[in-house]
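Below: one structure, written as structure tokens.
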Amino acid sequence: MSDNESQNKIDLEIVRRVQRGDKGAFDLLVIKYQHKLAKLVLPYVHDRDEVLDVVQETFIKAYKALPRFRGDSAFYTWLYRIAINTSKNYLTAQSRRPPRSDVDVVDAEFYDGGSAMHDNTTPEASLATEQIKEAINQVISGLPEELKIAITLREFEAMSYDEIADIMDCPVGTVRSRIFRAREAIDNEIKVLL
């Protein structure tokens with residue numbers, strides 16, 4: 001049994017406990033997925049407090065819908081779909097759209113504060129690396145929403161194509177196409193810098 005299958009089985013058992021009336025079991029799912037959901041929501045909702053609000057709203061919606069969860073897909077796939085929809089709804093309610101450039105937010109994905117003290121690279125190499133990261137972040141933030149979601153789930157969340165297809169509610173071939181187009185846009189931007 002793979003790690004994903006094992007995790008799916010554990011999640012499903014916790015879901016069944018909640019469905020049988022064990023309200024405290026849902027806390028286990030919140031603890032397990034709250035940070036992953038925050039990372040997923042961050043490219044859409046940039047304010048930390050707003051991210052936490054969207055994540056909390058996601059869990060509230062999931063809890064209310066849990067009696068209808070049948071286990072046709074993995075729990076986290078179902079939860080991620082709710083998080084993405086909640087993010088979109090939040091932005092719509094705020095009359096906002098995902099910004100075209102959110103370098104600071106996406107840079108947080110790559111930030112490792114402690115490693116800078118041990119870095120032996122030259123300032124020129126560090127600058128080039130930062131420019132490439134910034135270019136990638138700008139390209140990703142400027143992608144159409146469906147491409148941005150697909151590449152984020154694949155590259156930052158390390159999800160399979162099948163899992164992404166479940167979350168995005170589309171065929172696997174469409175996911176592959178979206179990821180290919182996103183990678184192509186990133187590659188075109190990086191070629192200019194190299």
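A donor atom on one side chain and an acceptor atom on the other are found under 3.5 Å apart for Y90 and E50.
F180 pairs by the ring pair (Phe, Tyr, Trp, His ring centres under 6.0 Å) definition with nothing, not counting sequence neighbours. Contacts of K32 classified as side-chain hydrogen bond (donor to acceptor under 3.5 Å, both in side chains), with partners at least two apart in sequence or in another chain: Q7, D11. Scored by the side-chain hydrogen bond (donor to acceptor under 3.5 Å, both in side chains) test, R183 finds E155 as partners (sequence neighbours excluded). When the ring pair (Phe, Tyr, Trp, His ring centres under 6.0 Å) test is applied to F26, the partners found at least two apart in sequence or on another chain are Y63.
How far CG of L143 is from CD1 of I186: 6.5 Å, rounded to the nearest 0.5 Å. Here L12 contributes atom CG and I10 contributes atom CD1; the two are 11.0 Å apart, rounded to the nearest 0.5 Å. The OG1 atom of T77 lies 11.0 Å from the CD1 atom of I82; values are rounded to the nearest 0.5 Å. Separation of atoms CG (L37) and CG (L79) is listed at 4.5 Å; rounding is to 0.5 Å. Once rounded to the nearest 0.5 Å, the distance linking CD1 of I164 with CG of L153 reads 5.5 Å. For the atom pair OG1 (T86) and CG (L91), the distance works out to 11.0 Å, reported to the nearest 0.5 Å.
F75 and I60 are not part of a single hydrophobic cluster, where members link through side-chain heavy atoms under 4.5 Å apart. Hydrophobic clustering places V15 together with L28 (ILVMFWY residues linked when any side-chain heavy atoms are closer than 4.5 Å, directly or through intermediates). No continuous path of hydrophobic side-chain contacts links I84 to L52 [ILVMFWY only; heavy atoms under 4.5 Å].
Considering only heavy atoms from C-beta on, V175 stays 4.5 Å or farther from M159 through its side chain.
Counting only residues at least two apart or in different chains, side-chain hydrogen bond (donor to acceptor under 3.5 Å, both in side chains) contacts with residues 169-181 are absent.
Within a 6.0 Å radius of NZ in K36, no more than 12 heavy atoms belonging to other residues, nucleotides or ligands are found.
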Side-chain donor-acceptor distances from residues 17-24 under 3.5 Å, at least two apart:
unit_1	atom_1	unit_2	atom_2	d
R17	NE	D22	OD2	3.2
R17	NH2	D22	OD2	2.9
Q19	OE1	R16	NH1	2.8
Q19	NE2	L66	O	2.7
Q19	NE2	F69	O	2.9
R20	NH2	E13	OE2	3.4
D22	OD1	G24	N	3.3
D22	OD1	A25	N	3.3

